[in-house]
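Protein chains get the first letters and strands the later ones, always in sequence-line order, with residue 1 at the start of each.
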Amino acid sequence: MDLGSFLVQLLNAVQYGLLLFLIASGLTLVFGIMGVINLAHGSFYMIGAYLAWSLAGKIGSFWFALPVGVLLTVALGMLIEWLLIARLYARDHLYQVLLTYGLILAFEELRGMIWGNDVHGIPVPAPFTGSIPLTETLAYPVYRLWISAVVLALAVAMYLLIQRTRLGMMIRAGASNREMVQSLGINIRMLYRFVFAFGVALAAFAGMISAPVSSVFPGMGGQVLIVSFVVVVIGGIGSVKGALVAAILIGLVDTFGKVTTLELGGLRVLPDLAGMAMYLLMAGVLLWRPEGIFGKRL
Amino acid sequence: MTSLIEARGIHTYYGASHILHGVDLALAPGETLGLMGRNGMGKSTLLKSILGLVRPRSGTVRVKGADMTRSAPHRIALAGVAYVPEGRGIFPNLSVHENLVMAARAGARGQRDWTLERVLAAFPRLRERIGHGGGQLSGGEQQMLTIGRALLTNPDVLILDEATEGLAPLVSREIWRIVREIKASGIATIIVDKNFRAVTAIADRAMILVKGSVVFEGPSERLRGDPSIRERYLGV
């Protein structure tokens, strides 16, 4: 591999990793703070992508579709928390798994009814349609760079929100002692509703911004759900920082696994087994640190 | 004058076990009430029933005259009732500074008597530890942190459950000093503590619970002057 294609793959890996982080951060927040296992998280990613496609078509602009889509998914998140999730905080995780699995099925069905079962695509929106030439033959799409920049900006904003604001303090405090937070005069139900809706909106936003670079199709939520859980487990449950590191690691392992050729004892290991790479990474990390890279000691 | 807190006929259950058997409790503005009783007599349950953390099966809890029996715990807190729980309840994943300011606000009457500066002046130890994680503090420091955090919500009532439990005598004395300062500042308090001498010294009125019922209620002096009550119900 020459330097030019290495650079392209590196950018791809980082962009994929950052997008994964955006999806997984919502999952790890909701899990770490509220103790809710949300299997429907991938569905929100799918809903985001379909919303971007359908709203961009209706409004005529991808850039207007984004804020409208975010508002809609925040509202959806609040509704689902209020209607369903709030009833399960006191219950065992199994109930949450059952409920959110049911949500996956319901969302798939609704998606079929509203948007159909076809595969769609969205054109890359202006002004990011161009590419930046890296070498004489290789170029890198500007839109992908934009995705990376937006996710990095969001990561910084999330860090500041959680670490530096009173709202962030309340959210972190709620993760350690719910009852005490309430007795300090904080409405924890509203706080959790906000956290859940925020997580939903993060996944949906990831779906929206990735729609122009990947197709919009039924079942797209299932793929990202599994990878997101791997990210959460590697990074440490509840750790946003861990999710960032783990997502970038998976981005690198997955991307380079697919473009590297490796033979061991006459067997072609890579790229044939590249799909397994992230699971091997997870197994390795768990052997080294069962609580994940930035997880709390179990 | 209306009571700050008025609980009437509180019956509270944990599952099938009947913990409180029709308890009445009233607290006047600025008053200090000592709540005593041996372990498992229902003191903490009574406090939690008042705070909305446990739902009484029957009875009413009024805060400043308003019925708050079924109110969410945060509504009761916003009405001016602050809680320092048994076992302290600090947030170990937040720094000392964050623990203090996370819930700081003006009181129910808009008062801002307790500021971060005043709390740090009252607890110099916390100022030294301000950047540390809550989980790194000693037991006594954690207790100071919980009390300071409660004061920063500028409450009208402070409920202290076993605030000196497990603390070294010197640290306990420090806590009692601050409780006296809180009393002097006009905040009404309900104090649950095993230290009979210290409680009756500071409390205007005392209450003793035995198996979920009130067996004594009256001025602290009467309790101090009558060793037989003490021996019978507290075993001190």
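- The contact list for residues 143-160 of chain B toward chain A, using heavy atoms and a distance under 4.5 Å, reads Arg149(B), Thr153(B) by residue number.
- For the options Leu94(B), Asn99(B), Leu78(B), Val101(B), heavy-atom pairs under 4.5 Å to chain A are most numerous at Leu94(B).
- The line from NE2 of His97(B) to CE of Met169(A) is 7.0 Å long, rounded to the nearest 0.5 Å.
- Residue Lys64(B) places its NZ atom among more than 12 non-hydrogen atoms of other residues, nucleotides or ligands, all under 6.0 Å distant.
- Under the 4.5 Å side-chain criterion, counting only non-hydrogen atoms from C-beta, Arg172(A) is not in contact with Phe91(B).
- Taking 4.5 Å as the heavy-atom cut-off, the residues of residues 103-126 of chain B that approach chain A are Ala103(B), Ala104(B), Arg105(B), ordered by number.
- Heavy atoms from other residues, nucleotides or ligands lying under 6.0 Å from CZ of Arg177(B) number more than 12.
- Rounded to the nearest 0.5 Å, atoms CZ (Arg178(A)) and CG (Leu53(B)) are 11.5 Å apart.
- Between atom CG of residue Asn93(B) and atom OG of residue Ser176(A) there is a gap of 4.5 Å, rounded to the nearest 0.5 Å.
- Atoms CD and CD, from Glu98(B) and Gln163(A) in turn, are 7.0 Å apart once rounded to the nearest 0.5 Å.
- Remark: Met102(B) CE to Thr165(A) OG1 distance equals 11.0 Å, nearest 0.5 Å.
- Annotation: the span from His74(B) atom NE2 to Gln182(A) atom CD amounts to 8.5 Å, rounded to 0.5 Å.
- For Arg127(B), the CZ atom counts as densely surrounded, since its 6.0 Å shell holds more than 12 non-hydrogen atoms of other residues, nucleotides or ligands.
- Within the 4.5 Å cutoff, the side chain of Glu179(A) has no heavy atoms near those of the Pro73(B) side chain.
- The two residues Met180(A) and Pro85(B) have their closest heavy-atom pair at SD-CG, 3.4 Å.
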